[in-house]
Q: 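The structure is given below, and queries will be raised subsequently.
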Number of protein chains: 2
Amino acid sequence: MSDITSLLDIRKMRILQAIVDDYIMTAAPVGSRTVSKRSDMGLSPATIRNEMSDLTELGFLEQPHTSAGRIPSEKAYRLYVNHMMDQAKLTDDEAEYIKHHLDTRVHEVGEVIRQTAKVLSDMTNYTSMVLVPQLSGMKVKRISLIPVSEGSAMAVVVTNTGVTKNSMISIPESLTPEDIEKISKLITEKLDGHRLTEAIESVLPAIRAEVGEQADAVCEMLEDIERSMSETDVEVVGASNILDYPEYSDAQKARSFLAEIETGSYLQQVLKDSSDVEMSVRIGTDNDSPDLKDCSVITVTYKAGGKNIGSMGVVGPTRMDYGKVMAVLKYLSNSLSDILSKLLK
Amino acid sequence: MSDITSLLDIRKMRILQAIVDDYIMTAAPVGSRTVSKRSDMGLSPATIRNEMSDLTELGFLEQPHTSAGRIPSEKAYRLYVNHMMDQAKLTDDEAEYIKHHLDTRVHEVGEVIRQTAKVLSDMTNYTSMVLVPQLSGMKVKRISLIPVSEGSAMAVVVTNTGVTKNSMISIPESLTPEDIEKISKLITEKLDGHRLTEAIESVLPAIRAEVGEQADAVCEMLEDIERSMSETDVEVVGASNILDYPEYSDAQKARSFLAEIETGSYLQQVLKDSSDVEMSVRIGTDNDSPDLKDCSVITVTYKAGGKNIGSMGVVGPTRMDYGKVMAVLKYLSNSLSDILSKLLK
DNA sequence: GTTAGCACTCAAGGGCGGAGAGTGCTAACA
DNA sequence: TGTTAGCACTCTCCGCCCTTGAGTGCTAAC
């Protein structure tokens, strides 16, 4: 990116910023008079109009119809987010609110994640989503197999950070509960300290040697475990918040937004894709999903023990309060990272 | 209930039924001419008007304004559901659809529940909810404790029917992983075949005797397990369907409906409360939640091995297609019961 | 370069009238 | 005595017109 002042002079920037700020608050097209009246502007409406005309030509503003004010284009939001947003800081009350509601006495990761999603949605009044910590990349401490019925067992994977995940797997009917217990011990012993993803190839020979004829079955089980452990869960809260915004007062539009949220697959993909960039912002058509073409999605990552282990984000109308959302996300990312770092030892 | 023909003669019944049927399809007030035109009616609009006037006086019909048709009151819906609904039967296509989408090859209870909820919502186009099988009342086959970090462990309860549930519990820091394993074996041995709910008092003395000084800690752990096992989970699908109905085109109304669904606590309560009646119907203000006062909730139970183990239901506008919904619910209840009975051996 | 002034555009909202759906009453009919 | 035709009446809905007001773009003057 070249220096943006070569693209837009300072005055245009200030005017554009004023328009975006105003539009974010009111959702109504902004006129030249409104901008001119801002105490720090000191220019007549006529001058503003000339500048607005230029900004429209440059693609930063759009006009719903001739005699309406202007609304920001996606291009304007991108510029706004990157170069001219007031990076809001949380008020003391807000910080206090987070501290108070992220109950650090809770000892279960899932519960902490749910609380985080709730707080995120409540504070922003948009839809929030939090990816539960990902096992991939963590080291396995223990894998327990619990016989449930003939043909099925529950696999519980515990990582060295204390993150757990469990799933039902099918097992060969030939295996007795005792066999399962033996295998459970064996694979824990062999896999201990390895990453689950890399474990199978590297550890299989050893296991194969020890379990003899049932090696194939065990091998399949391990693959089954790996497969189910790489599935991601995401906690989504506050989908109905979208109905608070006039952009979505049309039932049909709200319907397709909510349906997209409910399936969750796109959002899940976004969170996964963004799980290595500290903060990502997708504006409008940046989103592949047509149902979210009037939405923005902002995500941040969170860590435990200095390593990224998950991400969370907010979905709202493109006209969202970027400054506030980003501030809340940053703060929450730190809080959650702290809590998890302690919680997961 | 006394014989209803003493309350309403046959003709009034037929007219009321015609009105309810029509209103369910169109959501528009029904006039005398519309009713009269039905091929099986054979009465002039004027006659119908007289009867409608009576029905209004009796509280079965309401009039939005003088020159509009009539709409059914809650009282009418109750009568309709109890005495005059055409108990719809599923078409072959519909039965086929269910068979096809309830994939019996799936071996995990949770997955089956999710599929059921999806099918239920897709077929009715209302919001569906399915309670996951309840452990209470089942007999414990196995309780495994898996050490996760110092101070916490995962408890996995497996019942004799193969239903599982797991949760994190905190454990006294004094216990080593070996202790935990020992205790895990011990409680499985002692609790095996008992109901979890009744197990603790009856089994505690034996356990107390064997674990010696750590008895109190173990006791607390067991209570913790019991507490978390009695928590219920419910799968909700298709909340956004409500936006397809003109009654909820008002964003504010849709908002409060969706918020109520999202918290889920009321619906969960309804499902729990109804988990011993084969089919229950709550119409309008039967629902305690003010946000659901224009909704009806219909639930059925499902079984495994001849015993009720859970329930599911549908939430929609009071003007819902009761016949269809009840038919789908009945059919699905049987299907799910069959699948679970096989699945849980 | 900035601004005042002015003609022009367009959406939103209020008022009005007709159309249409539906009712309730009355009187006639079987 | 129950049923029906007829009719006056009531309301909502919809389209129409007009006004209002916000906002623009252009021009000419500062």
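A quick note: this is a predicted structure, and the numbers were derived from the prediction, not measured. Just so it is clear: chains get the letters A, B, ... in the order the sequence lines come, proteins before strands, and each one is counted from 1.
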Q: So, OP1 or OP2 of dT3(C): does either fall under 4.0 Å of a side-chain N or O from Ser44(A)?
A: yes
Q: When you check the side-chain N and O atoms of Tyr80(A) and Asp21(A), is any donor under 3.5 Å from an acceptor?
A: yes
Q: Would Arg282(A) and Ser274(A) count as a side-chain contact (heavy atoms from CB on, under 4.5 Å) here? Give the steps.
A: CA-CA 10 Å; Arg282(A) 267 159 246 255; Ser274(A) 310; 2.5 Å; yes
Q: From CG of Leu43(A) over to P of dG1(C), roughly how many Å is that when rounded to an integer?
A: 14 Å
Q: Can you find a donor-acceptor pair, distance only, under 3.5 Å between Arg70(A) side chain and dG25(D) base?
A: no
Q: Please determine if a side-chain N or O atom of Thr47(A) lies less than 4.0 Å away from the OP1 or OP2 oxygen of dG1(C).
A: no
Q: Using side-chain contact (heavy atoms from CB on, under 4.5 Å) as the criterion, point out the one residue from Met129(A), Glu262(A), Gln268(A) that pairs with Val236(A).
A: Met129(A)
Q: Whole Å only: how far is the CG atom of Asp54(A) from the C1' atom of dT24(D)?
A: 14 Å
Q: Just how far, in rounded Å, is P of dA7(C) from CZ of Arg49(A)?
A: 14 Å
Q: What nucleotide among dG22(C), dT23(C), dG5(C) has an atom nearest to a side-chain atom of Thr34(B)?
A: dG22(C)
Q: I need the CG-P distance between Leu61(A) and dT24(D), as an integer number of Å.
A: 10 Å
Q: Suppose we define a pair by two distances each less than 3.5 Å, Watson-Crick or G-U wobble; what does dT9(C) pair with here?
A: dA22(D)
Q: Would you mind telling me which residue lines up with the more 5' stretch of DNA chain C, Gly69(B) or Asn50(B), judged by nearest nucleotide?
A: Gly69(B)
Q: Is the backbone N or O of Thr91(B) less than 3.5 Å from a side-chain atom of Glu94(B), with the two atoms forming a donor-acceptor pair by type?
A: yes
Q: Does a side-chain N or O of Arg33(A) approach OP1 or OP2 of dA4(C) to a distance below 4.0 Å, or not?
A: no
Q: Tell me what Thr66(B) touches on the nucleic acid: a base, only sugar-phosphate, or nothing, going by heavy atoms under 4.0 Å.
A: sugar-phosphate
Q: Which residue pairs satisfy the side-chain hydrogen bond (donor to acceptor under 3.5 Å, both in side chains) criterion with at least one member in residues 30-40 of chain B, sequence neighbours excluded?
A: Ser32(B)-Arg49(B)
Q: Which whole-number value in Å describes the distance from Met52(B) CE to dG24(C) P?
A: 8 Å
Q: Return the nucleotide paired to dC30(D): Watson-Crick means purine N1 to pyrimidine N3 with N6-O4 or O6-N4, wobble means G-U with N1-O2 and O6-N3, both under 3.5 Å.
A: dG1(C)
Q: Establish whether the base of dT9(C) is bridged to the side chain of Ser67(A) by a donor-acceptor pair shorter than 3.5 Å.
A: yes
Q: Thinking salt bridges, do Asp294(B) and Lys253(B) make one under a 4.0 Å N-O criterion?
A: yes
Q: Hunt down the Watson-Crick or G-U wobble partner of dC13(D), both distances under 3.5 Å, from any strand shown, or write none.
A: dG18(C)
Q: Mind checking Ala46(A) for me? I need base, sugar-phosphate or nothing, with any heavy atom below 4.0 Å counting as a touch.
A: base
Q: Using whole Å, what does the distance between atom P of nucleotide dC11(D) and atom CD1 of Ile71(B) come to?
A: 17 Å
Q: Ignoring backbone atoms, establish whether Arg11(B) has a side-chain N or O less than 4.0 Å from OP1 or OP2 of dT3(D).
A: yes
Q: Return the value, rounded to whole Å, for the distance between atom CD1 of Ile15(A) and atom P of dT2(C).
A: 10 Å
Q: Grab the CD-P distance between Gln63(B) and dC9(D) for me, whole Å please.
A: 18 Å
